[in-house]
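Heads up, the thing below is written out as structure tokens.
All chains are named by letter (A, B, ...) in the order of the sequence lines, taking the proteins before the strands, and each is independently numbered beginning at 1.
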There are 2 protein chains.
Amino acid sequence: MTGLSRPEARRGASMADVAKVAGVSSQTVSRVANEKTNVDHATRERVLEAMKEVGYQPNHAARALRTGRFKSIGVIVFTLSTFGNMKTLDAITAAAAEVDHTVTVIRIPDPTRGTVSGAYRRLSEQAVDGVVIIFEAHLLDRAEITLPTDQPVVVVDSNAGDGFTVVDTDQTTGAREATAHLLDLGHETVWHISGPEASFSALHRAQSWAATLSERGITPPPVFVGDWTTDSGYRIGKEIVARGDVTAVFAANDQMALGAMTAFHEAGLQVPGDISVVGFDDMEESKAFWPPLTTVHQDFTEVGRLCIQSLMREIETRTHTPGRTLVPTRLVVRDSTAAPKSAA
Amino acid sequence: MTGLSRPEARRGASMADVAKVAGVSSQTVSRVANEKTNVDHATRERVLEAMKEVGYQPNHAARALRTGRFKSIGVIVFTLSTFGNMKTLDAITAAAAEVDHTVTVIRIPDPTRGTVSGAYRRLSEQAVDGVVIIFEAHLLDRAEITLPTDQPVVVVDSNAGDGFTVVDTDQTTGAREATAHLLDLGHETVWHISGPEASFSALHRAQSWAATLSERGITPPPVFVGDWTTDSGYRIGKEIVARGDVTAVFAANDQMALGAMTAFHEAGLQVPGDISVVGFDDMEESKAFWPPLTTVHQDFTEVGRLCIQSLMREIETRTHTPGRTLVPTRLVVRDSTAAPKSAA
DNA sequence: GTGGTAATTGTTTACGTGAACATCTTGCAA
DNA sequence: TTGCAAGATGTTCACGTAAACAATTACCAC
């Protein structure tokens with residue numbers, strides 16, 4: 001219409017726009033937006049009205065630039081496709097929301113040196129006040145993840161170096177309970193299906209299983225190494241069937257336990273009649289497996305809650321307090337375990 | 001030491017700091033940071049060196065304030081605890097990473113009017129360039145979710161109003177295939193375990209099931225309404241056992257199918273001998289259920305990919321192009337379905 | 001009435017970046 | 001030698017916000 005070129009993209013209304021409409025200074029608008037008390041009631045009403053009129057939305061970037069706070073937590077995760085990671089992320093998201101923070105997720109394709117570091121760097125450029133690393137990798141050590149801005153970090157599910165703040169499930173006690181449960185039922189020994197070698201939770205569970213056997217004077221049999229998936233459990237289940245001498249299996253997660261049970265069923269073995277099975281995780285579905293699975297319950301909600309709690313403390317106090325918090329597990333006995341036939 | 005109070009918190013090094021060390025202007029540092037070509041090679045090296053020396057990290061807030069872009073996608077989701085949502089989020093995260101964007105998750109406790117709107121508003125204050133709503137709620141309509149800044153939005157898994165850009169699994173065809181499969185095996189009718197009433201995907205699957213029966217002159221039996229959980233499937237399974245006249249069940253997801261099968265097993269019914277079961281989703285575990293579950297495979301990865309693709313287009317072109325994209329499903333026949341005994 | 005105090009509102013400024021524009025080299029053709 | 005284009009670099013400024021400080025008003029005790 002006119003010769004003037006108008007600003008190409010309509011950006012949202014700013015405090016200045018609100019101020020003009022309300023007939024106040026933009027600082028007063030800021031005060032209203034931040035719910036400061038020292039604003040006259042009538043003025044506040046007028047400003048709120050003006051905000052509505054111009055459709056004011058606070059500009060997060062400007063606010064963050066000014067305050068240095070993003071009100072957001074970064075989460076680095078290897079995959080969302082495992083029950084544990086998903087549950088933990090869910091809990092972290094809920095806990096973060098309670099303290100009015102959002103969660104920014106970065107998924108790493110591959111837990112190798114380069115990618116972790118890269119992701120961390122990528123995330124530290126992002127708008128986050130702190131980072132949770134849900135990660136299973138032997139590589140994690142202080143040197144690997146250099147902290148460019150000394151950002152608060154909490155690590156879940158890892159044997160990370162002492163410099164880190166760690167929140168984790170008490171893998172050791174959980175695996176001990178599972179193994180002891182089978183031994184107490186009268187099984188002569190317990191075989192183990194472990195998670196992948198690169199995983200620290202897998203390692204912890206395997207070590208604890210072996211230690212429990214050793215303490216009772218039993219030499220641990222060889223470990224079957226899986227990769228957390230149902231498929232690997234199934235494959236290993238067939239190997240176990242082929243052996244013919246196994247009466248009790250402790251799988252490092254429920255999915256592998258499920259796969260193994262399928263192999264047993266296919267071979268005509270009864271669970272728990274011929275062979276007992278214990279899992280780890282206590283997925284929602286585990287109680288509906290056939291038979292309902294005896295397993296070690298993990299309190300992922302608590303893990304997530306503690307992550308955020310630790311992280312927020314580090315953020316607010318600007319201190320770094322390394323340490324390890326362990327969340328207890330609970331053995332849930334269902335129908336996949338029983339005394340061995342020989343003992344019956 | 002001196003009477004001067006020093007700035008309390010050490011903020012990261014800025015471009016100005018780098019510039020001072022490198023002996024250039026901060027604009028040149030900016031050019032190096034943004035990989036512009038018009039910088040002398042020697043100068044670039046010097047700046048990169050200086051960046052390393054002072055530990056420079058770009059300030060995301062300042063950059064976002066200047067450019068108006070956050071390089072982040074917001075995702076509003078009701079729960080991460082269903083297989084589908086989790087998988088979709090996973091795919092979205094991966095697809096977003098490919099275009100160098102992060103993902104900010106907001107979990108809604110409850111899909112009621114207030115919370116959706118509130119979350120949307122909360123998210124629109126956040127540092128995101130666009131929003132994906134993974135949501136199942138009848139309430140979604142253009143009026144409900146007012147778009148204050150006219151932010152790009154893509155909706156998944158919903159029957160949202162025509163104003164929205166929607167990406168969804170082809171629920172209708174999937175449910176039709178599942179139902180037809182059972183009928184083709186010779187079952188006189190097929191019973192349905194649906195998802196919760198408030199869910200549109202549940203509604204679509206139920207409608208399509210009913211339509212498939214009707215087309216063949218069969219009056220659809222009453223629907224059993226579940227809530228997606230294994231528990232509800234188990235409860236309904238027991239009801240089905242009590243009826244005694246059911247030979248074929250189509251469950252709206254795999255978890256409910258699993259629960260129902262557990263109830264059947266407990267009652268001594270053979271699957272598929274006495275009763276056939278079909279699920280929907282094709283979880284990783286479904287092939288290891290006992291028996292391995294016949295189900296409708298959903299391509300969540302593709303859904304996530306298309307979401308980001310559509311969203312990025314809207315973000316980049318600043319246009320809004322409503323429309324519905326359907327991702328095909330695939331019936332996966334395993335061992336939970338067979339011809340009815342009467343027909344054998 | 002005067003001084004003082006508390007409550008409210010306004011003004012100035014800086015956060016770190018990148019676009020727009022200005023300036024300064026360098027090299028080469030005329 | 002001069003002129004001039006192309007490339008490299010510097011300067012200025014605004015994005016929207018909130019802290020720090022300044023100014024104004026109203027009220028109350030004496």
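When the P atom of D:dC15 is taken as reference, atom CD of A:Q57 falls 19 Å away, rounded to whole Å. Computed from coordinates, the A:E35 CD to D:dA18 P distance equals 12 Å when rounded to whole Å. Atom CG of A:N59 and atom C1' of C:dG16 are 14 Å apart (whole Å). Separating the NE2 atom of B:H60 from the C1' atom of C:dG18 is a distance of 15 Å, rounded to the nearest angstrom. Per the geometry, CZ belonging to B:R69 stands 16 Å off C1' belonging to C:dT17, to the nearest Å. In this structure, the CZ atom of B:R63 is 21 Å from the P atom of D:dT17, given to the nearest Å. Taking atom CE of B:M15 as the reference point, atom P of C:dC15 lies 15 Å away to the nearest angstrom.
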Output, in order, the C-alpha distance, side-chain angles, deciding distance and verdict of side-chain hydrogen bond (donor to acceptor under 3.5 Å, both in side chains) for B:S72 and B:T104.
CA-CA 7 Å; B:S72 187; B:T104 298; 3.2 Å; yes
Evaluate side-chain contact (heavy atoms from CB on, under 4.5 Å) for B:R324 paired with B:V167, printing each intermediate quantity in order.
CA-CA 6 Å; B:R324 177 175 296 267; B:V167 175; over 6 Å; no
A:V154 vs A:I133, test: side-chain contact (heavy atoms from CB on, under 4.5 Å). Steps then yes/no.
CA-CA 6 Å; A:V154 171; A:I133 304 182; over 6 Å; no
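When all heavy atoms of A:T169 and A:V303 are compared, the closest pair comes out as OG1-CG2, 3.8 Å.
Counting only heavy atoms from C-beta on, A:L65 has its side chain closest to D:dG16 among D:dT17, C:dT17, D:dG16. Checked against D:dA18, C:dG16, C:dA19, the side chain of B:K36 finds its nearest nucleotide in C:dA19. Closest contact between the side chain of B:A62 and the listed nucleotides D:dA19, C:dG16, D:dT17 involves C:dG16.
Across all strands shown, A:S14 has heavy atoms under 4.0 Å from sugar-phosphate atoms exclusively, and none from any base.
For B:N34 and C:dG18, the shortest distance from a side-chain N or O to OP1 or OP2 is below 4.0 Å.
Between the side chain of B:H101 and the backbone N or O of B:V128 there is no donor-acceptor pair closer than 3.5 Å.
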Under a 4.0 Å heavy-atom criterion, the protein footprint on nucleotides 5-13 of chain C, written with B, S and -, is ---SBBB--
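Under a 4.0 Å N-O distance rule, the pair A:K71/A:D129 does not qualify as a salt bridge. Between B:E302 and B:R305 a salt bridge is recorded (basic side-chain N to carboxylate O distance below 4.0 Å).
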